[in-house]
Amino acid sequence: MEIIAALGELGLGERLLTTPAALAAFSCDGLTAFTARPCAAVLAESTAEVVATVRACHATGTPFVARGSGTSLSGGSLPVAGGVLIALNRLNRVLSIDPESRTAVLEPGVINLDVSRAAAAHGLAYAPDPSSQSVCSIGGNLAFNSGGAHCLRHGMTANHILGMTVVLPDGELTTLGGPSREGLGPDWTGMFCGSEGLFGIAVEVTVSLIPIAEATATFLAAYDSLSAAGDAVSAIVAAGLLPVAMEIMDALAIEAAEASVKPRYPPAAALLIVELEGDRDTVAADTTALEALIAVSGAVSVTHTADPEERALIWKGRKSAFSAVGWLAPDYIVQDGVVPRTQLGRALAEVEALSAAAGIRVANVFHAGDGNLHPLILFDGAEAGALERAEQLAADILSMCVRLGGSITGEHGVGVEKRAHLPLMFSPDDLTLMGEIRRSVDPGELANRGKMLVPMAEGTAA
Amino acid sequence: MIATVDSVAAVQEAVLVSDRLLPVGAQTKPALSAVTDPGTVRLDCAGLSGISAYDPAELTLTAAAGTPIVELADALAAHGQYLPFDPPLAAAGATLAGTVAAGLSGAGAQRYGGLRDFIIGVEFVDGRGRHVHGGGRVVKNAAGFDLPKLMVGSLGRLGVIVAVSLKVFPRARAHRTLAATFASPAAALDTIGVLNRGPLALEALDLTSEGRLLVRLGGDDGTLTALTERAEATIGTACERIDGPEEAAMWAASAALTALRGNGDRASENPSDSDAPSGDLIRIPLTPPQLPPLSTALTAAGARHRFSRGASVAWAHWPADRTLTELSDRLADLGLGGQRLWGRPGPPLLGTVPGGPFADRVRAALDPDHRFPEL
Ligand SMILES: Cc1cc2nc3c(=O)[nH]c(=O)nc-3n(C[C@H](O)[C@H](O)[C@H](O)COP(=O)(O)OP(=O)(O)OC[C@H]3O[C@@H](n4cnc5c(N)ncnc54)[C@H](O)[C@@H]3O)c2cc1C
């Protein structure tokens with residue numbers, strides 16, 4: 001093949017993989033229901049290698065997919081069959097930290113949690129904290145504008161990316177944004193974030209850092225219904241408090257967490273986790289206010305703690321919820337539709353009704369403060385038709401989210417998985433324009449072809 | 001030529017019939033709404049006005065392009081909420097879309113972030129006259145390209161914004177400002193650094209060209225006392241405490257950019273009076289380490305200035321007797337760029353201006369017939 005020959009010229013040695021056995025490891029991402037076999041994988045170790053690989057793809061008209069840690073839940077880093085996979089996880093150096101500017105310059109393969117680890121010496125931290133933060137990469141976070149439990153106050157990944165160097169889909173290297181928190185001219189950086197790899201590959205990323213919070217208080221309140229927990233969230237917002245995180249888990253999710261990481265949650269139909277963060281006086285005042293609010297919210301029990309170990313255990317239970325449902329069923333699909341937060345109660349009731357009607361169990365853990373649902377649809381892939389039925393339920397849940405005024409995805413991205421649902425949210429004109437922007441940047445639709453938008457190559461215009 | 005529109009359909013029509021056009025709002029930033037080519041139609045969008053959705057429990061708001069910022073601020077204040085990016089020039093009549101297109105955040109952005117951190121949805125008419133939208137009305141949304149962010153700082157050159165959705169936050173109930181004077185702006189830099197990295201979430205952290213450091217605190221009556229003591233201990237130098245209406249008026253004047261207006265010899269209170277021989281107002285993004293050289297360069301040119309957002313941005317008045325070319329060269333020498341808000345005719349962006357092939361390609365898709373002016 002022409003592309004293999006072209007890559008062979010790059011002197012990559014053993015970092016050019018072409019055998020089926022070597023490529024098997026890259027055949028899917030976190031959404032294991034989809035698999036594809038690339039013709040080659042390049043384990044890049046420098047920007048120059050990324051540029052050369054992309055140029056070779058461009059010259060031969062070969063689609064390519066960038067891959068960070070491969071934890072995408074929507075098929076974002078699923079290879080294009082016969083295309084090239086560019087693995088970036090070896091580009092994992094923290095290039096510099098500037099405490100005066102509160103910024104760090106990173107290679108794309110740096111693991112999310114390693115940014116905060118490196119910044120800690122300066123009393124700083126990197127705010128976005130997807131549950132996968134101990135393994136996922138900054139490049140993947142950037143491409144998917146990933147969220148996390150603490151988005152409520154701190155925002156998503158794009159809010160913390162100030163500038164970047166990118167390799168465009170024809171191999172041209174360019175810089176967007178810069179080190180300042182203020183922008184100049186159109187926010188090209190913001191536009192590149194969340195583009196799911198369709199605009200090329202970020203090879204150097206400047207992120208903003210925040211001071212490590214001086215005080216933190218984590219509340220754990222148990223309720224006898226999901227709606228009571230949801231109402232408590234509304235009451236907290238209405239009272240003018242701004243916690244950094246508000247998360248809810250239902251009985252099934254609690255059961256799964258207890259079966260795996262044993263966070264010692266109180267038994268409940270719903271658990272509400274609320275975290276306050278800030279200077280010690282503000283957190284003390286907010287703690288008093290929050291105690292009073294929860295006391296009248298119908299909670300069955302409530303505790304709060306500032307102890308780092310107890311807090312870590314509470315979050316461990318929450319952040320491992322996805323993998324923990326593995327204890328409940330052999331397979332699951334996780335959706336991440338968003339509804340306006342005042343519609344949470346209604347949305348949860350509809351999820352329950354849809355789940356009952358389909359006869360499929362659904363565990364709920366979600367970013368309640370953001371209205372971002374994470375229904376975990378449980379099934380057994382070995383059972384004939386089970387995957388299809390689960391996918392149908394997932395689609396029904398997404399339609400419901402859009403009907404209530406929300407979105408099909410809050411943070412996991414469209415990928416291959418939700419591509420067919422994008423027209424629920426966007427008009428034909430909207431999608432045509434997005435397709436035109438994509439093809440203006442990448443006329444050959446080589447970068448991550450088939451994700452988010454339907455490529456021209458597949459017939460119907462995006 | 002000015003054309004007025006009061007509906008999205010009229011905007012679409014105007015885009016399709018005009019070879020060259022530029023949307024304008026209340027023209028509080030005349031350098032951005034000025035056109036060099038007399039054939040360019042200026043599209044007055046003030047008629048597209050009004051809040052279409054605001055539910056305090058959602059902490060989100062949607063309004064039409066020409067809605068005055070003041071109207072938004074009043075509606076939010078009735079529920080103890082505010083626009084955390086603190087848009088400047090509200091009192092002068094700035095509109096929502098004008099603020100978004102100009103990409104402007106104010107001193108209050110120190111606390112929670114700037115405009116790009118609070119925009120969640122946008123509707124606009126592109127260069128082919130299509131009414132398109134990006135983002136949505138919920139606070140979290142990863143579907144499709146982030147067109148809302150693209151419109152931040154688009155200067156009316158990527159499309160005609162017709163509506164915007166924003167995230168909002170509860171506002172601190174009480175404020176206090178501490179003022180301390182340093183020998184020069186550079187002498188205050190260490191203190192700014194310590195405050196930027198410190199535990200207190202400040203409402204604003206500004207510094208004037210005279211070396212006066214302004215630290216704005218926010219909380220409730222209970223926490224403000226504790227915050228004051230801690231901030232004063234960090235600042236070290238004797239602090240003046242400013243409270244109440246005087247404090248509010250001080251920040252209102254800063255948002256109106258009053259001190260950076262005119263030559264001082266001519267009390268031009270009307271920033272849209274672009275004929276006034278009063279120099280230019282320019283916004284310069286930077287990082288704290290860039291403060292000393294920039295302050296030196298501005299001072300040498302006799303340019304009054306103010307650093308804001310913990311030395312993330314400078315606002316400067318460039319005197320009328322200095323050329324824009326000189327300003328542009330000075331900024332480029334320092335690796336900086338700037339955006340003019342008012343002053344003599346000339347380009348809106350100066351110095352090192354971002355762009356490059358990605359910008360060119362996205363722009364080609366949004367405005368293939370070059371109806372909007374160059375960036
Ligand atoms: C258990 C679990 C929990 C999760 N929790 C969360 C959560 O709380 N919040 C959340 O938002 N997500 C969550 N995710 C999803 C996932 O972790 C995120 O989407 C993450 O950002 C992906 O990072 P990655 O390095 O694995 O990227 P990959 O999966 O390797 O890639 C993701 C996408 O980014 C592209 N890409 C990667 N690097 C680059 C680059 N340098 N330049 C351009 N494009 C690039 C890829 O082509 C692909 O399209 C979770 C996943 C798992 C498995």
Side-chain angles (χ1 to χ4, degrees), chain A residues 99-102 123 144-145 147 151 155 158-159 168 172 174 176 179-188 190-191 193-195 211 214 234 237-238 240 242 278-279 281-282 285 338 340-342 370-372 405-411 413-414 422 425-426 429-430 433-434 436-437 440-441, chain B residues 55 57-59 80 103 113-114 116-117 126 130-133 136-146 149-150 152-154 158 169-170 193 196-201 219-220 222-223 226-227 285-289 309 312-313 337 339 349 353-359 361-362 364-365 375:
Chain A
E100 289 306 317
S101 306
R102 285 175 294 148
F144 267 48
N145 190 15
C151 296
N159 303 116
L168 294 175
E172 186 166 359
T174 187
L176 311 176
S180 177
R181 283 173 161 66
E182 283 258 327
L184 188 68
D187 188 359
W188 307 113
M191 174 74 171
C193 289
S195 59
E214 176 182 53
S234 304
V237 171
L242 190 63
D279 68 87
D281 300 295
T282 304
V338 184
R341 40 167 99 67
T342 51
D370 299 317
N372 190 185
S407 167
I408 57 171
T409 170
E411 53 181 27
V414 177
L422 212 51
M425 284 181 69
F426 295 108
D429 275 353
D430 299 341
L433 176 64
M434 288 188 203
E436 286 166 0
I437 294 173
S440 187
V441 175
Chain B
D55 178 349
E58 288 296 348
L59 297 176
R116 76 186 294 259
D117 302 312
D126 73 2
R130 290 176 300 206
H131 175 199
V132 289
H133 81 284
R137 292 181 173 201
V138 280
V139 296
K140 217 166 158 188
N141 184 2
F145 294 140
D146 202 337
K149 283 204 186 64
L150 182 64
V152 174
S154 59
L158 296 177
F169 274 169
N196 269 336
R197 290 188 301 279
L200 308 185
D220 55 30
T223 53
L227 293 177
L286 74 155
T287 58
R309 290 186 75 179
S312 293
V313 63
Q339 174 189 28
L349 301 180
V353 176
F358 180 67
R361 295 180 203 180
V362 173
L375 270 162

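Naming: A, B, ... by sequence-line order, numbering from 1 per chain.
- The backbone N or O of B/Ser312 sits less than 3.5 Å from a side-chain atom of A/Ser180, completing a donor-acceptor pair.
- Of the two parts of A/Thr342, the backbone and the side chain both hold a non-hydrogen atom closer than 4.5 Å to a non-hydrogen atom of chain B.
- With a 4.5 angstrom heavy-atom cutoff, A/Leu168 touches chain B only via side-chain atoms.
- Counting heavy-atom pairs closer than 4.5 Å to chain A, the top residue among B/Gly80, B/Pro170, B/Gly136, B/Pro285 is B/Pro285.
- Remark: B/Asp126 CG to A/Ile437 CD1 distance equals 8.5 Å, nearest 0.5 Å.
- In this structure, B/Pro357 and A/Thr174 approach most closely via the heavy-atom pair CD-OG1, 3.5 Å.
- Across A/Cys193, A/Ser195, A/Ala238, the residue that shares the most heavy-atom pairs under 4.5 angstrom with chain B is A/Ser195.
- By the 4.5 Å heavy-atom criterion applied to side chains, B/Pro199 and A/Pro211 are not counted as neighbours.
- When heavy atoms are compared at a cutoff of 4.5 Å, A/Glu100 approaches chain B by way of both its backbone and its side chain.
- A pairwise comparison of heavy atoms in B/Ala143 and A/Val414 identifies CA-CG2, 4.0 Å as the closest pair.
- Ranked by non-hydrogen atom pairs under 4.5 Å with chain A, the options B/Ala364, B/Gly144, B/Gly198, B/Gly355 are led by B/Gly144.
- The choice from B/Gly193, B/Pro354, B/Gly356 that makes the most heavy-atom pairs within less than 4.5 Å of chain A is B/Pro354.
- Residue contact with chain A, scored on non-hydrogen atoms closer than 4.5 Å, involves the backbone and the side chain of B/Leu150 alike.
- Within the 4.5 Å cutoff, no side-chain heavy atoms of A/Val338 are placed close to those of B/Asn141.
- With rounding to the nearest 0.5 angstrom, the CG atom of B/Leu286 is 11.5 Å from the CG atom of A/Leu184.
- A 4.5 Å side-chain heavy-atom check between B/Glu58 and A/Arg341 finds at least one atom pair inside the cut-off.
- Ranking B/Asp55, B/Val139, B/Asp117, B/Thr223 against chain A, the residue ahead of the rest is B/Asp117, based on heavy-atom pairs under 4.5 Å.
- Not counting sequence neighbours, the partners of B/Val132 by the side-chain contact (heavy atoms from CB on, under 4.5 Å) test are A/Asp429, A/Asp430, A/Leu433, B/Phe124, B/Arg130.
- A pairwise comparison of heavy atoms in B/Val138 and A/Gly405 identifies CG1-O, 3.7 Å as the closest pair.
- Most heavy-atom pairs under 4.5 Å with chain A, from the set B/Arg309, B/Arg197, B/His131: that is B/Arg197.
- Only the side chain of A/Asn372 comes within contact range of chain B, with heavy atoms under 4.5 Å apart.
- Nearest heavy-atom pair, B/Ala142 versus A/Phe144, reported as atom, atom and distance to 0.1 Å: CB-O, 4.2 Å.
- Atom CZ of A/Arg181 and atom OG1 of B/Thr287 lie 10.0 Å apart (nearest 0.5 Å).
- Interface check for chain B: of the options A/Gly155, A/Pro99, A/Gly147, the most heavy-atom pairs under 4.5 Å are formed by A/Pro99.
- For the options A/Ala158, A/Pro340, A/Gly278, heavy-atom pairs under 4.5 Å to chain B are most numerous at A/Pro340.
- Scored by the ring-ring contact (aromatic ring centres under 6.0 Å, His included) test, B/Phe358 finds A/Phe192, A/Phe199 as partners (sequence neighbours excluded).
- Between the side chain of A/Ser440 and the main chain of B/Val362, no donor-acceptor pair closer than 3.5 Å is present.
- Interatomic distance, A/Met191 CE to B/Leu158 CG, rounded to the nearest 0.5 Å: 9.0 Å.
- Contacts of A/Val237 with chain B are made by side-chain atoms alone, with heavy-atom separations under 4.5 Å and no backbone atom involved.
- Contact annotation: the side chain of B/Gln339 never approaches that of A/Glu182 to less than 4.5 Å [non-hydrogen atoms, C-beta and beyond].
- Interface summary for chain B: among A/Cys151, A/Gly190, A/Ser407, A/Gly410, the most heavy-atom pairs under 4.5 angstrom belong to A/Gly410.
- Side-chain contact check for A/Asp187 versus B/Asp146: every heavy-atom pair is 4.5 Å or farther apart.
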